[in-house]
Amino acid sequence: MNQQLFFTTTAKGVGPVLADEMRALGLHNVKEETGGVGFTGTLEDAYKANLWLRTANRVLMPVLNFDCKSEDELYGGVRQIDWRTYLTSGMTFAIDANVRDSNLKHSKYAALKAKDAVVDQLREKLGTRPNVNPENPDLRINIHIVKNLCTVSLDTSGESLHKRGYRVAQVAAPLKETLAAAIVEYTDWDMRSLLIDPMCGSGTIVIETALKAANIAPGLLRRDKFGFQRWLDFNKGAWDSLAKEAQEKRKDKLETRIFGYDISSKTIEAAQLNTRAAFVSDLITFKKQDIEALSPPPGHGVIILNPPYGERLGQKRELEPLYKTIGDVFKRKCKGYTGYIFTGNLDLAKHIGLKASRRIILYNGPIESRLLEFELY
Ligand SMILES: C[S@@+](CC[C@H](N)C(=O)[O-])C[C@H]1O[C@@H](n2cnc3c(N)ncnc32)[C@H](O)[C@@H]1O
């Protein structure tokens with residue numbers, strides 16, 4: 001099979017752990033870049049990346065780079081690709097575009113121009129044209145224009161990889177699954193010692209922890225097809241054997257124990273439903289509990305929490321005592337553990353009253369956030 005370049009996208013700050021994951025998966029020429037991590041490999045490697053990577057959002061396959069200083073250059077560039085290789089008139093497609101530091105300023109407009117180029121070419125060559133379906137296309141095309149250089153990629157993932165398929169119950173302000181996985185990767189959890197999320201919300205952190213501990217490929221949970229499964233050259237045999245191999249790698253017995261607590265019983269019910277949908281309910285113990293009552297058993301372990309951080313100013317003030325309580329509980333009851341707090345509000349974090357031993361900058365969507373580490377010895 002041909003070796004080619006791929007690019008996995010992720011949130012700002014996640015690149016280093018994504019690169020580690022990719023090396024551990026045996027991918028070659030792993031290279032961190034702005035917005036993601038590149039690798040070279042076969043299409044089968046891209047299937048594997050989609051199946052196993054916990055912290056990637058998408059795996060893109062670049063097909064062409066060209067200078068793009070105007071809409072005409074964009075239109076002409078996209079038309080250089082023979083789209084008959086990837087699309088028939090009966091298929092649907094969608095184009096995502098992002099534009100930065102370039103003469104072309106508007107992503108939506110760039111997507112529209114690129115769509116015209118695809119449609120016009122296929123209408124000329126085939127006599128008919130494929131339809132656009134933004135929600136559920138057979139082929140997702142990605143246009144990325146930075147400093148007047150355009151990269152056209154095919155999106156092997158289709159729907160973003162953070163949509164694992166287990167979020168059946170919603171709560172307010174859940175973490176994105178890929179970000180929760182990145183938080184777990186950044187901790188020093190050894191997959192054996194105990195792990196607790198005392199403010200677990202919908203359970204994203206504990207579910208991602210359980211998936212990792214049990215060596216469950218996140219892609220096995222996916223409900224929708226991956227992008228590549230709808231491509232004309234989809235190699236079903238290769239995919240089936242990767243999926244079968246992944247099924248066999250699931251561990252039944254864990255050395256670790258995982259706990260999720262939350263003050264709201266409704267939230268705990270939602271977390272339990274999600275956990276069932278991820279097939280890890282036997283691996284996580286949930287309980288309704290206020291953080292004030294947290295009392296982990298003596299020994300070592302990791303505590304990760306993502307407290308509320310309030311959108312409005314008044315809300316923030318109201319949350320100050322909660323952050324102080326977290327600091328007090330860490331100090332009084334969690335000796336021997338390493339504590340992690342993920343928050344988008346540094347002012348609130350000051351109320352924890354403990355000195356962080358590590359501070360990692362991660363982006364929660366547009367919000368610059370911190371993962372703070374506290375050694376509680
Ligand atoms: C930002 S949410 C956590 C979201 C979670 N990481 C997820 O992905 O769904 C914060 C959670 O803290 C819980 N919480 C607030 N105050 C609490 C307290 N005193 N003790 C325990 N949990 C609390 C809330 O009910 C909420 O579910």
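Both counts, for ligands and for their atoms, begin at 1 and track the order of listing.
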In the protein, what heavy atom is nearest to atom 9 (O) of ligand 1, and what distance, to one decimal place, separates them? Ser202 OG, 2.6 Å
Mark the output for Cys200 as yes if a heavy-atom distance to ligand 1 is under 4.0 Å, and as no if none is. yes
Which bit of Ala180 is near ligand 1, meaning a heavy atom under 4.0 Å away: side chain, backbone, both or neither? neither
If you take the nearest heavy atom of each of Asp262, Leu305, Leu322, Ile291, which one is closest to atom 20 (N) of ligand 1? Ile291
Look at atom 19 (N) of ligand 1 and say which protein heavy atom is nearest, naming residue and atom and giving the distance to 0.1 Å. Asp290 OD1, 3.1 Å
Pick one: which of Gln272, Arg167, Gln170 meets side-chain hydrogen bond (donor to acceptor under 3.5 Å, both in side chains) with Ser202? Arg167
Below 4.0 Å from ligand 1: does a non-hydrogen atom of Glu292 turn up there or not? no
Rounded distance [0.5 Å steps], CD1 in Ile205 versus OH in Tyr340: 12.5 Å
If you round to the nearest 0.5 Å, how far is CZ of Arg123 from OG1 of Thr128? 9.5 Å
Option among Leu220, Leu283, Leu221 that satisfies the side-chain contact (heavy atoms from CB on, under 4.5 Å) test with Leu211: Leu221
Under a 4.0 angstrom heavy-atom cut-off, which atoms of ligand 1 come close to Pro174? 7 (C), 8 (O), 9 (O)
Considering non-hydrogen atoms of the protein only, which is the closest contact for atom 8 (O) of ligand 1, and what is the distance? Thr204 OG1, 2.6 Å
Distance from atom 12 (O) of ligand 1 to nearest protein heavy atom, with residue and atom: Met199 CB, 3.5 Å
For atom 17 (C) of ligand 1, find the nearest protein heavy atom and state the residue, atom name and distance (0.1 Å precision). Ile263 CG2, 3.6 Å
Under a 4.0 Å N-O cut-off, is there an ion pair linking Asp328 with Arg332? no
Is the distance between the ring centroids of Phe226 and Trp239 less than 6.0 Å? yes
Candidate list Thr156, Asp155, Asn133, Asp96, test side-chain hydrogen bond (donor to acceptor under 3.5 Å, both in side chains), partner Arg140, passing option: Asp96
Under 4.0 Å from a heavy atom of Pro198: which atoms of ligand 1 are those, numbered in the order shown and with their elements? 21 (C), 22 (N)
One finds that the ligand 1 atoms under 4.0 Å from a non-hydrogen atom of Thr267 are 27 (O)
Check this for me - ligand 1, Leu175, N or O atoms closer than 3.5 angstrom, yes or no? yes
Which residue holds the protein heavy atom closest to atom 2 (S) of ligand 1, what is that atom called, and what is the gap in Å? Asn306 O, 3.7 Å
Does Glu245 pair with Lys249 as a salt bridge, N-O distance under 4.0 Å? yes
Is the backbone N or O of Ala181 less than 3.5 Å from a side-chain atom of Lys212, with the two atoms forming a donor-acceptor pair by type? no
Numbered in order shown, the ligand 1 atoms found under 4.0 Å of a heavy atom of Ala173 are 1 (C), 4 (C)
Check Thr8, Thr178, Thr9, Thr10 against Asn57 for a side-chain hydrogen bond (donor to acceptor under 3.5 Å, both in side chains) and give me the one that passes. Thr178
